[in-house]
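These notes concern the structure reproduced below.
Lettering follows sequence order; numbering is per chain, from 1. The basis for the numbers below is simple: all heavy atoms, side chains too, and nothing from hydrogens, waters or symmetry mates.
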Amino acid sequence: MGSIVPFQDLNLLPSPFCTNPTTTLLTPKIEPKAEPLDEPIHTHQFEFHHNTPGPFNSSSTIAFFPNSQNTPVPEPNFDQDNVFSEYYRISELFRSAFDKRLQQQYGDVEALDPDSRAIVSVNQDNQLSTAVVSRRKYDKRSSDLVRVQDLGMDDQKYFRDVVRKTRMLYDSLRIISVDEEEKRRGLGQGRRARGDLTAASMMRDNGLWLNRDKRIVGPIPGINIGDLFFFRMEMCVIGLHGQAQAGIDYLPGSQSVNGEPIATSIIVSGGYEDDEDSGDVIVYTGHGGQDKFNRQCEHQRLEGGNLALERSMHYGIEIRVIRGIKKYEGSVSSKVYVYDGLYKIHDCWFDVGKSGFGVYKFRLLRIDGQPEMGSTTLKFAETLRTRPLSVRPKGYLSLDISMKKEPMPVLCFNDIDNDHDPLYYEYLAKTVFPSFVYNLGSTGAGCGCVSGCTYGCLCAMKNGGEFAYDNNGSLLRGKPVIFECGPFCQCPPNCRNRVSQKGSRHRLEVFKSREAGWALRSLDLIHAGDFICEYTGVVLTMEQAQIFAMNGENLVYPNRFSAKWAEWGDLSQVLSDYIPPSYPSIPPLDFAMDVSRMRNAACYISHSATPNVLVQFVLYDHNNLMFPHIMLFAMEHIPPMRELSLDYGVADEWTGKLAICNE
DNA sequence: GGTCTTTCACAGAG
DNA sequence: CCTCTGTGAAAGAC
């Protein structure tokens, strides 16, 4: 049995090597007008073991504070078979044991007197807890304050995947709903649809918002420092910040165990003139006292979020900080939000603001030992894009290894050793297929849209009656293969159905990292669904590939990439009657690619089981289904400077890295 | 449990 | 650039 983690001693940084995840239910049950916690709350700790696989694996420990102070705690007498795998069920169990309100709400819950500190006994078959869960509508946020820490690698991967899929669905819904709206009204007619709001409400109606069954203090599982968001609703959906507009998110006093509000996250967007933001130190202004033009017109009061921040300072509770940055290049919206990590509030005072009215101010200091702030990286990348040598005088081997074969430069950077390897390959901007590929199949079938393609054109029909991309060039729905307009079409080059054939729109950088060898990143932010680049090489038939393989060459086998395209734009989770458009089935791909002499930036992309890049097959310059182009799209918003990764679908022995790049 | 109020949105117009 | 406006939605307060 471990020890309970006192508030003051929290290890705030999940160690990647820690295999013993713990969740602490926080009940800041302090006597009214309590002094700061000089001594840890002394309690026994219960451990609740559960063996079924789930988000918390079998080594998980759930620790919690019993609800009051000094009564002796009986040693828990658990039946080891009473096991629950899902976190929320455990949460419900604790709630039923300690919360009389739940008993009033659900008469059939067998909740004991909270003061007895005994765990409610539950039927062997879990029927009680599932009954509670199914009856409970998660239309309101929970009042359980919880801290999740020390997640093991498996749990981190699990939550990262849940968050990624949720965000992917959100973005698909947002893009598709805007696209449908424009289809209905015509491009540029009237006010643009608020896809950010539509997507959020559809997901809420389907119970797909994350972390509503608990209020998380500290890090959100699956969210890393530096992660980007383009809409406030995006952060609501995953539970990073639950307010659609307000800057301070908090558990209200009316729901708190001791009646005091507790703040959990803030957004620093520059909406208050008295803010001072110097990165590690923030002077944050409380809310209130503004008129509708955001001008301070009266004194602020110590209530709501302001009081919550003060109470969080009192208890030493960490605050998530998200920064909003206006007009960042490449953003699909007017703002970019970046998660910058955890801060603690050190001071709170009432001050006279620039307006002459009284405002509350909070000095926050960033907690040490966290990864670099995402906003710092965003700013760094901004200068790197325009003047790379001013911030990095050493380390650049080339400012464009593509030698202008790509529309954007492909940089090459190494500041850790003398390896110049990427300079020695001929840069291949587009895959070239054997000539017979171009001769097979009907080559004359192009669309005749002389003044640009519209819905219903021949190429749209080939894609199941819709275009594969929206007007920003984002992938709408993944398909077995996408048919872009090509040389047989009459449409102009700016046609919306010619996204991937134009090459990368982002400044890519091949770089050497200590962990993964040569790798790839972007100096521009990449929006989820954006085209990144083609994966090029010299195409070999399988007969040729066998000879190459016998000579020890490592080849790329396109049919091995995991079929992540199927997850992109799959709306079956929110639309029960959603039937994916029917696609022509394509034959299994029967070729390999040699990248030992000619290659582009793509072959430096690292392997990951939770990748941020997906493969989508595309045809445009010929109609041979057996030989599509391998096109790469972003599966999530990728911040500048973050390493790109791809699921090569390779076996375990091929760990971490495509061997061909490190030969 | 409704209804009201507050809120560091968002996009487009001028 | 800025300011302003309409529409909008969540959630806390009462």
Side-chain angles (χ1 to χ4, degrees), chain A residues 101 104-105 137-143 174 177-178 181-182 185 187-205 209 211-212 215 229-256 259-277 282-298 300-309 319-328 331-338 340 353 359-362 364 375 472:
Chain A
R101 282 173 300 180
Q104 289 156 4
Q105 210 171 343
K137 288 182 187 165
Y138 283 114
D139 54 357
K140 274 198 174 146
R141 305 177 78 188
S142 162
S143 58
R174 189 185 63 78
S177 76
V178 169
E181 184 71 18
E182 283 179 353
R185 291 194 305 203
L187 180 58
Q189 298 297 305
R191 189 171 293 273
R192 272 186 75 182
R194 288 290 299 273
D196 56 322
L197 303 181
T198 316
S201 70
M202 287 178 82
M203 290 181 70
R204 195 178 73 114
D205 293 346
W209 286 29
N211 296 318
R212 285 176 72 81
R215 305 246 188 169
F229 306 85
F230 294 97
F231 300 92
R232 289 288 294 261
M233 278 302 171
E234 233 179 321
M235 294 182 280
C236 292
V237 168
I238 55 146
L240 181 65
H241 185 86
Q243 301 285 341
Q245 292 190 13
I248 306 168
D249 196 16
Y250 59 101
L251 175 73
S254 59
Q255 296 178 40
S256 162
E260 297 178 8
I262 297 292
T264 53
S265 60
I266 60 167
I267 292 187
V268 187
S269 258
Y272 282 80
E273 58 191 0
D274 297 308
D275 282 359
E276 297 166 41
D277 184 1
I282 302 168
V283 176
Y284 192 76
T285 312
H287 61 195
Q290 287 189 333
D291 61 18
K292 58 175 179 169
F293 304 113
N294 293 339
R295 282 190 290 253
Q296 212 66 38
C297 63
E298 57 180 279
Q300 291 184 346
R301 287 188 290 270
L302 192 58
E303 60 189 19
N306 300 351
L307 181 60
L309 284 171
I319 304 288
R320 291 187 294 273
V321 170
I322 299 116
R323 282 191 172 78
I325 299 169
K326 280 183 193 135
K327 306 250 177 213
Y328 194 86
S331 170
V332 288
S333 61
S334 54
K335 246 179 199 168
V336 173
Y337 297 95
V338 55
D340 267 345
V359 293
Y360 279 90
K361 288 188 172 177
F362 303 88
L364 291 90
S375 55
N472 292 319

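Side-chain contact annotation: Asp274(A) with Thr285(A), donor-acceptor N/O pair under 3.5 Å absent.
If you check dG12(C), dA9(B), dA11(C) against the side chain of Ser269(A), the one that comes closest is dA9(B). Checking dC8(B), dC4(C), dA10(C) against every side-chain atom of Phe293(A), the shortest atom distance belongs to dC4(C). Here the side chain of Gln255(A) is nearest to one of dC8(B), dA10(C), dG12(C), namely dG12(C). Closest to the side chain of Gln243(A), out of dA11(B), dG12(C), dC8(B), is dG12(C).
Rounded to whole Å, the distance from NZ on Lys292(A) to P on dG6(C) is 8 Å. Between the NZ atom of Lys326(A) and the C1' atom of dA11(B) there is a distance of 15 Å, rounded to whole Å. Straight-line distance from the CG atom of Asn472(A) to the C1' atom of dA11(B): 14 Å, rounded to whole Å. For the pair Asp291(A) CG and dT5(B) P, the interatomic distance rounds to 17 Å; values are reported in whole Å. If you measure from atom CD of Glu182(A) to atom P of dA11(B), you get 12 Å, rounded to the nearest angstrom. Between the C1' atom of dT5(B) and the CD atom of Glu303(A) lies a distance of 11 Å, rounded to the nearest Å. When rounded to the nearest whole Å, the span between CG of Leu251(A) and P of dA13(C) equals 10 Å. Look at CZ on Phe231(A): it is 17 Å from C1' on dC8(B), rounded to the nearest Å.
Partners of Tyr328(A) by ring pair (Phe, Tyr, Trp, His ring centres under 6.0 Å), not counting sequence neighbours: none found. Tyr360(A) pairs by the ring pair (Phe, Tyr, Trp, His ring centres under 6.0 Å) definition with Phe350(A), not counting sequence neighbours.
Arg232(A) has no side-chain polar atom (N or O) that falls below the 4.0 Å cut-off from OP1 or OP2 of dA9(C). Taking only side-chain nitrogens and oxygens, Lys335(A) comes nearer than 4.0 Å to OP1 or OP2 of dA9(B). Phosphate contact (OP1/OP2 of dC10(B), side-chain N/O of Arg194(A), threshold under 4.0 Å): absent. A close approach under 4.0 Å does not occur between any side-chain nitrogen or oxygen of Tyr250(A) and OP1 or OP2 of dT7(B).
Along DNA chain C, the nucleotide closest to Gly305(A) and the one closest to Arg295(A) are compared, and the more 5′ of them pairs with Arg295(A). Between Ser333(A) and Tyr284(A), the one whose closest nucleotide on DNA chain B sits nearer the 5' end is Tyr284(A). Where Ala244(A) and Gly304(A) meet DNA chain C, the nucleotide closest to each residue was compared, and Ala244(A) sits on the side nearer the 5' end.
Atom-to-atom distance recorded for Ser333(A):OG and Glu234(A):CD is 8.0 Å, nearest 0.5 angstrom. Here the CG-CZ distance, from Leu240(A) to Arg232(A), works out to 10.5 Å after rounding to the nearest 0.5 Å.
Across dT7(B) and dT7(C), the matching P atoms stand 22 Å from one another, rounded to whole Å. Using C1' as the reference atom, dA13(C) and dG1(B) are 13 Å apart when rounded to the nearest Å.
Counting non-hydrogen atoms under 4.0 angstrom, Arg215(A) reaches the backbone sugars and phosphates but no base. In this structure, Gly270(A) reaches the bases: a heavy-atom distance under 4.0 Å links it to at least one base atom across the strands shown. At a threshold of 4.0 angstrom between heavy atoms, the contacts of Tyr337(A) are confined to the sugar-phosphate backbone, with no base atom among them.
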May I have the step-by-step check of side chain to side chain contact (heavy atoms under 4.5 Å, CB included) for Ile322(A) and Asp340(A), ending in yes or no? CA-CA 6 Å; Ile322(A) 299 116; Asp340(A) 267 345; over 6 Å; no
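Checked options Ile267(A), Val336(A), Asp277(A); the residue passing with Arg323(A) is Asp277(A) (criterion: side chain to side chain contact (heavy atoms under 4.5 Å, CB included)).
Residue Asp275(A) places a side-chain atom within donor-acceptor reach of the base of dC8(B), judged by atom type and a 3.5 Å distance cut-off alone.
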Given pairs defined as Watson-Crick or G-U wobble with both distances under 3.5 Å, what dot-bracket annotation applies to DNA chain B, with ( ) intrastrand, [ ] crossing, | other strand and . unpaired? .||||||.||||||
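Counting heavy atoms from C-beta outward, Leu364(A) and Ile319(A) have side chains that approach closer than 4.5 Å. In this structure, the side chains of Thr264(A) and Arg320(A) come closer than 4.5 Å at one or more pairs of heavy atoms.
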